[in-house]
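These notes concern the structure reproduced below.
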Number of protein chains: 2
Amino acid sequence: MTTPGRGLHGRVLDALGPAITAGEYPPGSVLRTDELAQRFDVSRSVMREAVRVLESMHLVESRRRVGVTVRPRAEWNVYDPQVIRWRLAGSDRPQQLRSLTVLRSAVEPVAAALTATHATAEQCAELTRCALGMVATSRGNRLEDYLVHDVAFHRVILTASGNEMFARLGDVVAEVLAGRTHHEVMFEDPDPAAVTLHVQVAEAVREGDPVRAERLTREITVGALQELDILAP
Amino acid sequence: MTTPGRGLHGRVLDALGPAITAGEYPPGSVLRTDELAQRFDVSRSVMREAVRVLESMHLVESRRRVGVTVRPRAEWNVYDPQVIRWRLAGSDRPQQLRSLTVLRSAVEPVAAALTATHATAEQCAELTRCALGMVATSRGNRLEDYLVHDVAFHRVILTASGNEMFARLGDVVAEVLAGRTHHEVMFEDPDPAAVTLHVQVAEAVREGDPVRAERLTREITVGALQELDILAP
DNA sequence: TGTGACAAATAAGTCTGACTTTTTGGCTTC
DNA sequence: GAAGCCAAAAAGTCAGACTTATTTGTCACA
């Protein structure tokens, strides 16, 4: 992902950010810049920079005479990739994984429809390559190789949609898929039906059939929801 | 919205952020911290804090010996409310409004379905109040009052969905709706059909009918897309 | 001619200490 | 008990000195 610990203030962030998102400092907690600077053994200037970044993520609020206050979760910038990463690394990983999967289920089908409408020939080819790669690695306990193609597939769908907001969710989807493979529900070879669906989505995009691409992608995301027991049976 | 100009570094951000998102400093441009500090007449420490925030938004990258480089648009954190506000205030307002509307069209229907599944009685009542408010203000050139109820309606849908990621889009939707009323396509009373759809969505949610709520909300968002000529005819 | 190491220049990064400003909470006073 | 004033506290700001990493250019050597 992104380079961690870029400079001293980055080091501080990597310690303080996860602590806050994990609820170690619950909302309403008050921190003091000087004290934090001492605790992390950095100068006040470095500490201030870190606080400013946390502030821009709406994780904390800094006010004169009172200090640095942790904000309620509802105000956090939950779309900030850094915040997402911190939360995925901490105790509310399951909760984060669930809400991201629901987001996926809303966005990806629409993105697939858009991609079917105006994907370039090159993007179609790339999509097909990814799907075939998934087929090739879907058996024989090659989960890690499968993941690479899976991530690439969804990334193409999101970027080829031509919508910048969708495109930026590529990293998020990558995190979700990686999380599923590494920590959660996938223990054996992926569901053959899911693999087939990916191949069919690539087909639909190639044929320029947005309705079919959307429907098939919706089936994929429904499967992802079911894996996490989000859908009522 | 949020409080602007909170401190000196905030003042600098409000000047530099829009300048960057507007393309005044195109991607690849190199700025120097000291020079910027002079230009804005602030100390280097303040300037550094501002740069750190821009960096956390992935708008710029700061590297030793080279300076502060503007990143390509594709890497910007386009979900950061501050970035969205800057872009909406600048020259690519139309482009931003379009991509946000597409995002809405993906998210809101799914959110409505979730809301129909598990909205509290209080949330149902609030939703109905909003819909009735829209009806009451839909005639007689009361666009401003109508907007208030419209925004409230969509905010309830998004927050009552129970998904934190959806809930955080409330502000974004508010910006889009306000933008439409204030600068773009709405010159006369709102489309009566759209008003009726909102009332029906409230009904469907009250009755706990997720499928109908989703379908009706999709009709609303399709209308929004058509207003911006995004859908192929 | 190309390549390696080495040196100089450059701009960000860091630290420190002094000073300013705002806010709050208590205390005085009427 | 309410209004207003005072003092403490913590963030905010600034200036200057110093460190460090990175790039670029140079020069010698193969």
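Numbers restart at 1 for each chain; the letters A, B, ... are given by sequence-line order, proteins then strands.
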Whole angstrom value for the distance that separates [atom2] of [N] from [atom1] of [X]:
X: A/L8; N: C/dA12; atom1: CG; atom2: P; answer: 17 Å
X: B/E55; N: C/dG13; atom1: CD; atom2: P; answer: 7 Å
X: B/H9; N: D/dT13; atom1: NE2; atom2: C1'; answer: 13 Å
X: B/F40; N: D/dC14; atom1: CZ; atom2: C1'; answer: 18 Å
X: B/R32; N: C/dA9; atom1: CZ; atom2: C1'; answer: 14 Å
X: A/D34; N: D/dA9; atom1: CG; atom2: P; answer: 13 Å
X: A/R11; N: C/dG13; atom1: CZ; atom2: P; answer: 13 Å

Original post:
Which of residues 44-54 of chain A sit near DNA chain C, with a heavy atom under 4.0 Å from it?
Top reply: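 Heavy-atom contacts with DNA chain C come from A/R44, A/S45, A/V46.
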Do any N or O atoms of the protein come closer than 3.5 Å to N or O atoms of nucleotides 19-23 of chain C, and which pairs are they?
{"from": "C/dT21", "atom 1": "O2", "to": "A/R64", "atom 2": "NE", "distance (Å)": "3.2"}

Decide whether [X] and [Y] meet the rule of one side-chain donor and one side-chain acceptor closer than 3.5 Å.
X: B/H58; Y: A/Q82; value: no
X: A/S99; Y: B/E164; value: yes
X: A/H9; Y: B/E49; value: no
X: B/S56; Y: A/S56; value: yes
X: B/H154; Y: B/D150; value: yes

Subject >> Note: A/R52-A/E55 ion pair, threshold 4.0 Å (strictly below) >> reply: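 Between A/E55 and A/R52 there is a salt bridge, with a charged N closer than 4.0 Å to a carboxylate O.
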Original post:
Is B/D80 paired with B/R85 through a side-chain N to carboxylate O contact shorter than 4.0 Å?
Top reply: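 Salt bridge between B/R85 and B/D80, a charged N being under 4.0 Å from a carboxylate O: no.
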**OP:** Please work out whether the ring planes of B/H198 and B/F153 are parallel, tilted or perpendicular, with thresholds of 30° and 60°.
**Re:**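 B/H198 and B/F153: perpendicular rings.
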Original post:
Would you say C/dA12 has OP1 or OP2 under 4.0 Å from some side-chain N or O of B/T33?
Top reply: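 Yes, such a contact exists.
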Subject >> Any residue meeting side-chain contact (heavy atoms from CB on, under 4.5 Å) with A/A167, in chain and number order, not counting sequence neighbours >> reply: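 Counting only residues at least two positions away or on another chain, A/A167 forms a side-chain contact (heavy atoms from CB on, under 4.5 Å) with A/T159.
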